[in-house]
Enquirer: 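Take this structure, written in structure tokens, and hold onto it; I'll ask about it next.
Fair warning: this is a prediction, and the values are worked out from it, not measured in the lab. Just so it is clear: chains get the letters A, B, ... in the order the sequence lines come, proteins before strands, and each one is counted from 1.
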Amino acid sequence: MEKQNTYQRIYQMVKKIAPGKVATYGQIARLAGLAGHARQVGYALHNLPSGSDVPWQRVINSRGRLSFPEESVAWHMQKSILESEGVKFSENNTISLLKYQWKSF
DNA sequence: CTCGTGACGGTAT
DNA sequence: TATACCGCCACGA
């Protein structure tokens, strides 16, 4: 029960990302008080129960690319959702962090 | 307790 | 630009 505290912190932070914006794993980790633990953010999202209201699709890696193989179903789904929120992808399937990265303050 | 794993990030080559 | 490694550490076997 209590061990989910770390996950909850991550989930709460991800929930704050505004629609049409994205954040990197490292950024979420840092804001959640877990500086340098980007992998734990990915682990937490992987563990995310289906049907939750956490906008997991808004979390991408530092290179502005989705963390799934491009041929995977999950990859296409994440891209689809982000586009519906207004995030545009470049031809090489990357997102401009300069333009879409979420600012927390 | 040890070990492998991973929806990552940075640096080196 | 693309790989290859390594650091980091929660989690489960």
Side-chain angles (χ1 to χ4, degrees):
Chain A
M1 292 300 189
E2 289 302 319
K3 74 175 183 179
Q4 299 186 336
N5 200 3
T6 300
Y7 284 1
Q8 292 306 317
R9 290 171 67 81
I10 294 173
Y11 296 156
Q12 289 301 314
M13 195 55 63
V14 175
K15 284 183 180 179
K16 294 181 180 179
I17 305 174
K21 291 292 181 180
V22 297
T24 67
Y25 292 93
Q27 182 182 12
I28 292 300
R30 188 160 52 74
L31 294 174
L34 300 169
H37 302 178
R39 303 191 70 144
Q40 299 316 125
V41 175
Y43 204 93
L45 293 185
H46 180 70
N47 196 310
L48 196 62
S50 61
S52 75
D53 54 345
V54 178
W56 57 271
Q57 70 277 10
R58 294 174 194 155
V59 183
I60 62 178
N61 65 33
S62 64
R63 298 169 196 158
R65 311 188 92 247
L66 309 187
S67 297
F68 290 114
E70 295 192 10
E71 62 275 12
S72 71
V73 177
W75 186 88
H76 287 290
M77 177 167 68
Q78 181 173 13
K79 180 184 180 185
S80 171
I81 298 173
L82 286 175
E83 290 182 322
S84 72
E85 296 182 340
V87 176
K88 299 181 191 301
F89 285 67
S90 303
E91 293 178 40
N92 55 336
N93 288 318
T94 63
I95 295 174
S96 171
L97 288 175
L98 197 61
K99 185 175 182 180
Y100 296 105
Q101 185 166 201
W102 169 63
K103 273 65 177 182
S104 59
F105 60 92

Enquirer: Using a strict heavy-atom distance below 4.0 Å, which residues from residues 79-93 of chain A are in contact with DNA chain C?
Expert: none
Enquirer: dC9(C) phosphate, OP1 or OP2: any side-chain N/O from His37(A) under 4.0 angstrom?
Expert: yes
Enquirer: With sequence neighbours left out, write down each residue that passes salt bridge (charged side-chain N to carboxylate O under 4.0 Å, His left out) with Arg63(A), or none if nothing qualifies.
Expert: none
Enquirer: Could I get the full list of side-chain contact (heavy atoms from CB on, under 4.5 Å) partners for Gln78(A), not counting sequence neighbours?
Expert: Trp56(A), Gln57(A), Ile60(A), Leu66(A), Phe68(A), Leu82(A)
Enquirer: Residues in salt bridge (charged side-chain N to carboxylate O under 4.0 Å, His left out) with Glu70(A), at least two apart?
Expert: Arg65(A)
Enquirer: Residues in salt bridge (charged side-chain N to carboxylate O under 4.0 Å, His left out) with Lys99(A), at least two apart?
Expert: none
Enquirer: Which of residues 28-35 of chain A sit near DNA chain B, with a heavy atom under 4.0 Å from it?
Expert: none
Enquirer: Is it the case that the side chain of Tyr11(A) and the backbone of Ala44(A) share a donor-acceptor pair, with hydrogens and angles ignored and the cut-off at 3.5 Å?
Expert: yes
Enquirer: What pairs of residues pass the salt bridge (charged side-chain N to carboxylate O under 4.0 Å, His left out) test when at least one of them lies in residues 23-47 of chain A, not counting sequence neighbours?
Expert: none
Enquirer: Could you run down nucleotides 6-13 of chain B 5' to 3' and tag each one B, S or - for protein heavy-atom contact under 4.0 Å?
Expert: BBBS----
Enquirer: Taking only residues two or more places apart in sequence, or in another chain, which ones meet Lys79(A) in a side-chain hydrogen bond (donor to acceptor under 3.5 Å, both in side chains)?
Expert: Asn93(A)
Enquirer: Test your reading of the model: is there a side-chain donor-acceptor pair from Lys103(A) to the backbone of Gln101(A), 3.5 Å cut-off?
Expert: yes
Enquirer: Can you tell me how far the NZ atom of Lys21(A) sits from the CD1 atom of Ile95(A), to the nearest 0.5 Å?
Expert: 11.5 Å
Enquirer: Going by the salt bridge (charged side-chain N to carboxylate O under 4.0 Å, His left out) test, which pairs reach into residues 43-59 of chain A, not counting sequence neighbours?
Expert: Lys15(A)-Asp53(A), Arg58(A)-Glu85(A)
